[in-house]
> 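Have a look at this one before I ask anything.
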Amino acid sequence: MQTIAFLFLLSCVSCGAKDDLIEEPPYEEPNEQPDELPEEQPQTTTTFKDAPYLIGCAVVPSLLQNNRMYAEVVQEEMSSITPENALKMGALSKGHGSYFWDDADYLVEYAADHQMRVHGHTLIWHTDIPGWVTRYSGTREEWIALMQEYIHEVVGRYQGRIASWDVVNEAFNDDGTYRKTIWYENIGEEYIRLAFEFAHEADPAAILFYNDYGMEYSAAKREAICTLVKDLRAEGVPVHGIGLQMHIDMYRSASDLKASIQAAADCGVWVHVSEMDVACNPEKKTDFTFTDKIAQQQKASYQAMSEALLSIPADQCFGITFWGVCDVHSWLTSAPDAPLPFDSNFEKKPAYDGLTGTFGK
Ligand code: XIL
């Protein structure tokens, strides 16, 4: 009897709930207009183009050609582009005297059409070297000739159209010793000076950079780079700038960022934050989620970077280049991450405001 009464009660409760749903829908009719429009969010009209220094990004030709939203962000926000891979030796040099120019030509033309600066990356590096060069066996003089021919060919082709070059990339280990690259092994440390001289011969107006990572975390590397640049300049070698790659993570302190920028500026040269991204998942967790808290921490890193750059003399401030346009195309693929100021749907992230918020200061 008790069971029957319970079942009866239960069916009444559920009937009542069903009736309520029919009579008074607690949801809005699909096409009904809300009584009041949501309050309009204040729209920021400041873009990266309003920055007191040039902002740019690394680009990939096929994405510019085939992805409308990617191209829109580049055109609306960027004042400078760096070919992410198209100007590397492995992409350009297909054999002694044989070159593939299509991608690089496309990007240089694209930049001219959209009034953007092109930063050339990179002439002499320890990696992305074509097979014919790694297999090359020659005397020191022949290696110098090979390097000279390559630099003359590439820099000469884009004379007046590529404003600046990373002439030598990553020549040092983190402890400040020379990296034993193929160039170092075959030519000796003088390869660095020679590379700058050859680039200058090919385009006397180009701004020439030494580019590397790690100045923000290794005092030894910072010291080695600054000593090299100052020594070369004292000898009259045309080194005009230091590029700090800045592949950092959101735990890097603002004071580390500032110290590295200041050290580069103290060499009396142009300072370029040349490949910036801020990893949010350096622990490489497989279940990483980009939370609001993480977004704020990442924003603080971008903001600190811009403030550091703005604290050096304006006539040394070459700009900031992000290593990619939006998160989905970042080179950081070994774990889920969200390192750039635009998310994978090309929407601005808090990092964007972290940068633009410093512009008027
Ligand atoms: C990276 C590119 O982003 C990748 O697409 C490519 O596969 C490898 O090189 N430091 C540099 C850049 O100087 O050239 C590197 O770019 C990232 C690290």
Side-chain angles (χ1 to χ4, degrees), residues 56-67 70 74 78 80-93 100 103-104 106-107 118-131 133-134 150-151 154 162 164-174 178-179 181-184 191-192 195 199 208-218 221-222 224-225 228 241-249 252 260 264 271-279 282 284 305 318-335 337-342 344:
C57 62
V59 289
V60 173
S62 59
L63 288 169
L64 274 179
Q65 285 156 348
N66 303 321
N67 189 324
Y70 179 98
V74 173
M78 307 298 168
S80 171
I81 57 170
T82 301
E84 184 169 348
N85 292 306
L87 283 171
K88 290 173 180 170
M89 195 178 202
L92 288 180
S93 175
F100 172 76
D103 285 350
Y106 171 81
L107 292 177
V118 186
H119 176 69
H121 173 83
T122 176
L123 295 169
I124 297 298
W125 194 20
H126 62 91
T127 187
D128 210 344
I129 294 174
V133 177
T134 51
Y150 177 74
I151 293 176
V154 177
I162 293 190
S164 51
W165 283 97
D166 290 333
V167 177
V168 176
N169 194 31
E170 302 178 353
F172 290 105
N173 298 310
D174 281 355
Y178 280 109
R179 193 192 285 271
T181 71
I182 200 167
W183 309 106
Y184 182 94
Y191 86 88
I192 300 176
L208 306 180
F209 282 84
Y210 174 79
N211 194 55
D212 214 328
Y213 63 85
M215 281 178 78
E216 68 285 359
Y217 65 75
S218 166
K221 197 167 189 175
R222 184 151 76 212
I225 292 170
L228 170 81
I242 296 180
L244 300 98
Q245 294 184 8
M246 290 293 178
H247 295 294
I248 59 172
D249 65 50
R252 179 62 50 198
S260 59
V271 179
H272 184 199
V273 175
S274 58
E275 305 182 15
M276 187 170 186
D277 43 28
V278 181
K284 306 206 183 293
M305 190 67 257
F318 194 72
I320 297 184
T321 298
F322 309 116
W323 211 240
V325 177
C326 72
D327 287 338
V328 74
H329 300 123
S330 163
W331 73 301
L332 299 174
T333 52
S334 61
D337 213 316
L340 293 164
F342 290 89
S344 295

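Please read all numbers here as calculations on a predicted model, not as lab measurements. Numbering of ligands and ligand atoms starts at 1, following listing order. Atom set for the values below is all heavy atoms of this structure, side chains included, hydrogens, waters and symmetry mates excluded.
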> Under the salt bridge (Lys or Arg N to Asp or Glu O under 4.0 Å) rule, collect the residues that match up with D212, sequence neighbours excluded.
K221
> Has Y70 got a side-chain atom pairing as donor or acceptor with H329's backbone, closer than 3.5 angstrom?
no
> Could you pull out all residues at least two apart from R252 that satisfy salt bridge (Lys or Arg N to Asp or Glu O under 4.0 Å)?
D256
> Is a side-chain N or O of W183 found less than 3.5 angstrom from the main chain of H126, in a donor-acceptor match?
no
> Just to be sure I understand the cut-off, which residues have at least one non-hydrogen atom under 4.0 angstrom from an atom of ligand 1?
E84, N85, K88, H121, W125, N169, E170, Q245, H247, E275, W323, W331
> Any chance the side chains of S80 and H119 put a donor and an acceptor closer than 3.5 Å?
no
> Please identify each residue that fulfils side-chain contact (heavy atoms from CB on, under 4.5 Å) with S334, with sequence neighbours left out.
K284
